[in-house]
Undergrad: 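Below you will find the structure I want to go over with you.
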Amino acid sequence: MKRLIKNGQCLIDGHLQVCDILITDDKISQIEQHITADVPVDQIIDAQGLFVSPGLVDLHVHLRDPGQTDKETVKTGSLAAAHGGYTTIAAMPNVIPAPDTPQRMREMLALNQRDGAVHMVQYATITTERGGDELVDMAGLKAAGAFAFSNDGNGVQTAGTMYQAMKQAAKLQMAVVAHAEDDSLTYGGVMHEGSVSKRLGLPGIPSVSETAQVARDVTLAAATGVHYHVCHVSSAATVQVIRAAKAAGVHVTCEVSPHHLLLSDEDITGDNAMFKMNPPLGSEQDRQALIAGLLDGTIDLIATDHAPHTDAEKAQSMLKAPFGITGSETAFAMLYTKFVKTGLFSLAQLINWMAVQPAALFGLNAGRLTEGAPADLALFDLTTPTTIDSADFLSKGHNSPFIGEHILGKTVRTLVAGKDVYGSKH
């Protein structure tokens, strides 16, 4: 099947240029300023006025399936990703049962394959049931199809356990992906510990709970040679630790979430669980350090940490509501509006952090708008203002602090392997 995308704006050598893209079956077969098809095409897609991007790549999503399908499913979560322009996502293992054995991994991959609307890779756990100190069968899980190892949602508390996990993962040439959090330093907090938490009378989590574990882990990574990836970096001190580790030659990469770039604890004006996430929103100083870390290359990429919950759960006080917000459907538009349109980031930088880098650093065949690459594409409207409305969400979760924001960069169409997965009927 041949499809021709006409008149779209593409990033060529970092600059927007009008181009045509010919898709043959599931691959990009030609990119030129003008393509006149010598043979008939099955469909012409007019992308006049739209930005045609490589499909975005999200290394950090929670799909809640199996075990908590009242919050999300593989189907709804992957459709939400497509709505946000993502064509490849990496699913975290905090599902019930967790993919902590080869058999469970095979079952998880079969579910993803059956119900997923986009390309999906699957994390395995580091330890059994994502807790304690019993390491999983890493070699068996790799053979079963695991993408990387993570206990996301839970920091690995024992240094010896993490050390042994890193040694095994290094031998297998697999990444250890860490939610870095020392539980002994969280003190039952529900938001960042600082002047805002004190003013609101809410228990705070000191940012050292993240930084202390990252400092431990980069030391262990240096000793083992493993690829160590830090999830959702949130504090200035953690950025400093990672910057120093990179300078010392440690194989460490890291991500930042859109919400930590866009918000600080100063945006929390009351007991509102839409602003409760883990790690919590830091200070404005932390937020500025994250932006600087992206710009200087300390932070490698942006990942959403899409974490849907039910409306009832998030209607509770921050003291009782679960941590987490949705992100798949708002990430690109919010970042484009708040950073690219204001001149702080270029569009090329944003696409690098949201597509090119996550794919390249983890060896995924994704994130490229080149001839011969998979026909995974997102078409965005960068000029028509719109408003984020939870009624438009395809996720089951509506727990976003960005509802009601006026944005540019709405997703118009998403193609995966040359086929429409969002937009052709919306």
Side-chain angles (χ1 to χ4, degrees), residues 1-58 78-88 117-119 328-329 331-333 335-337 340-341 345-356 359 364-386 392 394 407-426:
M1 181 176 180
K2 290 183 180 289
R3 307 177 84 189
L4 181 60
I5 300 176
K6 295 283 292 180
N7 308 314
Q9 298 183 63
C10 307
L11 278 170
I12 307 295
D13 297 326
H15 301 285
L16 280 177
Q17 300 180 31
V18 175
C19 67
D20 295 347
I21 301 170
L22 181 64
I23 298 169
T24 303
D25 297 327
D26 60 350
K27 296 287 194 299
I28 297 172
S29 54
Q30 189 178 359
I31 302 176
E32 299 288 351
Q33 188 172 4
H34 298 289
I35 296 175
T36 302
D38 295 327
V39 294
V41 296
D42 297 281
Q43 183 184 22
I44 295 176
I45 299 171
D46 185 5
Q48 179 75 40
L50 301 179
F51 168 50
V52 183
S53 169
L56 306 182
V57 178
D58 193 351
S78 61
L79 285 172
H83 181 200
Y86 289 95
T87 56
T88 299
V118 300
H119 301 299
S328 296
E329 297 174 272
F332 177 81
L335 294 168
Y336 177 79
T337 302
V340 177
K341 287 300 291 181
F345 300 162
S346 70
L347 181 58
Q349 285 176 313
L350 187 61
I351 295 303
N352 186 54
W353 294 322
M354 298 186 77
V356 181
L364 297 170
N365 186 20
R368 297 177 295 120
L369 189 66
T370 57
E371 293 178 0
D376 301 335
L377 304 168
L379 281 63
F380 297 105
D381 183 343
L382 303 183
T383 59
T384 304
T386 188
D392 297 329
L394 300 183
I407 51 92
L408 300 168
K410 178 181 179 179
T411 312
V412 174
R413 196 169 193 148
T414 306
L415 286 74
V416 172
K419 297 179 181 178
D420 287 303
V421 293
Y422 174 79
S424 63
K425 297 179 181 178
H426 286 74

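The chain is numbered in sequence order, starting from 1. Note that the coordinates shown come from a computational prediction; the quantities given were computed from them, not determined experimentally.
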Undergrad: Can you name the residues that form a ring-ring contact (aromatic ring centres under 6.0 Å, His included) with F345, not counting sequence neighbours?
TA: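 By the ring-ring contact (aromatic ring centres under 6.0 Å, His included) rule, F345 matches F339, W353.
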Undergrad: CG of L56 to OG1 of T414: how many Å apart, nearest 0.5 Å?
TA: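 Here the rounded value is 8.0 Å.
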Undergrad: If we only count heavy atoms from C-beta on, is the L4 to I45 side-chain gap below 4.5 Å?
TA: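 Of all side-chain heavy-atom pairs linking I45 with L4, none is under 4.5 Å.
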Undergrad: If I take atom CZ from residue R368 and atom CD1 from residue I28, how far apart are they, to the nearest 0.5 angstrom?
TA: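 Nearest 0.5 Å value for the CZ-CD1 distance: 8.5 Å.
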Undergrad: How long is the span from the CG atom in L377 to the CG atom in L415, to the nearest 0.5 Å?
TA: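 L377 CG to L415 CG: 6.0 Å, rounded to 0.5 Å.
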Undergrad: Side chains of Y422 and L379: does their closest heavy-atom pair fall under 4.5 Å?
TA: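 They are not in contact (no side-chain heavy atoms under 4.5 Å apart), so the answer is no.
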Undergrad: Quick one: closest heavy-atom pair of S328 and D58, and the distance?
TA: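 Residues S328 and D58, closest heavy atoms: OG-OD2, 4.4 Å.
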Undergrad: Closest approach of A117 and S78, non-hydrogen atoms and distance?
TA: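 Minimum heavy-atom contact is N-OG, 2.9 Å.
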Undergrad: Take M354 and L335, measure what side chain to side chain contact (heavy atoms under 4.5 Å, CB included) needs, and give me the verdict at the end.
TA: CA-CA 10 Å; M354 298 186 77; L335 294 168; 3.9 Å; yes
Undergrad: For residues G8 and V52, report the shortest heavy-atom separation together with the two atoms involved.
TA: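 Shortest heavy-atom contact: CA-CG2, 3.8 Å.
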Undergrad: Can a donor-acceptor pair be found, under 3.5 Å and without considering hydrogens, that links the side chain of D376 to the backbone of A417?
TA: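 Yes, the answer is positive, given that a donor and an acceptor are paired below the 3.5 Å cut-off.
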Undergrad: What is the distance from atom CD of Q17 to atom CD of Q33, rounded to the nearest 0.5 Å?
TA: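 One finds 7.5 Å between CD of Q17 and CD of Q33.
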Undergrad: Got a list of side-chain donor-acceptor pairs under 3.5 Å for residues 79-87, not counting sequence neighbours?
TA:
{"from": "H83", "atom 1": "ND1", "to": "E329", "atom 2": "OE2", "distance (Å)": "2.5"}

Undergrad: Which heavy atom of S53 sits nearest to which heavy atom of F380, and what is that distance?
TA: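 In this case the closest contact between S53 and F380 is CB-CE1, 3.9 Å.
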Undergrad: Do K341 and L408 make a side-chain contact, defined as non-hydrogen atoms from C-beta onward lying under 4.5 Å apart?
TA: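 Answer yes - side chains close enough.
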Undergrad: Which atom names give the shortest non-hydrogen contact between A355 and V57, and what distance separates them?
TA: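 Nearest pair, atom of A355 first, then V57: O-CG2, 3.7 Å.
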Undergrad: Pairing donors with acceptors under 3.5 angstrom, does anything connect the side chains of T24 and K2?
TA: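 Yes, because at least one side-chain N or O of T24 sits under 3.5 Å from a partner of the opposite role on K2.
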Undergrad: Check whether any side-chain N or O of D20 sits under 3.5 Å from a backbone N or O of N7 as a donor-acceptor pair, and report yes or no.
TA: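 Yes.
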Undergrad: With a 4.5 Å cut-off on side-chain heavy atoms, are L347 and L11 touching?
TA: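 They are in contact (side-chain heavy atoms under 4.5 Å apart), so the answer is yes.
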Undergrad: Do the non-hydrogen side-chain atoms of L369 and I12 ever get within less than 4.5 Å of each other?
TA: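 Contact flag for L369/I12 side chains = no.
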Undergrad: Does the side chain of R413 come within less than 4.5 Å of D420's, by heavy atoms?
TA: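 Of all side-chain heavy-atom pairs linking R413 with D420, at least one is under 4.5 Å.
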Undergrad: Within the structure provided, determine whether V340 and S346 are in side-chain contact (heavy-atom separation under 4.5 Å).
TA: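 Heavy-atom side-chain distance check fails, nothing below 4.5 Å.
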Undergrad: Given L22, which of E371, K6, Q30, R3 fulfils the side chain to side chain contact (heavy atoms under 4.5 Å, CB included) condition?
TA: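 Considering E371, K6, Q30, R3, a side chain to side chain contact (heavy atoms under 4.5 Å, CB included) with L22 is found only for Q30.
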Undergrad: Test side chain to side chain contact (heavy atoms under 4.5 Å, CB included) on C10 and I21; report intermediate values, then the result.
TA: CA-CA 9 Å; C10 307; I21 301 170; 3.9 Å; yes
Undergrad: Is there a side-chain contact between T88 and V118 (heavy atoms, below 4.5 Å)?
TA: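 A side-chain contact under 4.5 Å is absent here.
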Undergrad: Identify the heavy atoms of V41 and I44 that sit nearest to each other, and give their distance.
TA: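 Nearest heavy atoms, V41 then I44: CG2-CG1, 3.7 Å.
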Undergrad: At what distance, to the nearest 0.5 angstrom, does CG of D42 lie from CD1 of I23?
TA: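 Between D42 CG and I23 CD1, I get 11.5 Å after rounding to 0.5 Å.
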Undergrad: Answer yes or no: is there a donor N or O on one side and an acceptor on the other, between the side chain of T337 and the main chain of I407, under 3.5 Å?
TA: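 No; zero donor-acceptor contacts below 3.5 Å.
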Undergrad: May I ask you to decide if Q48's main-chain N or O and D46's side chain share a donor-acceptor pair within less than 3.5 Å?
TA: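 Yes, D46 side chain to Q48 backbone: donor-acceptor pair under 3.5 Å.
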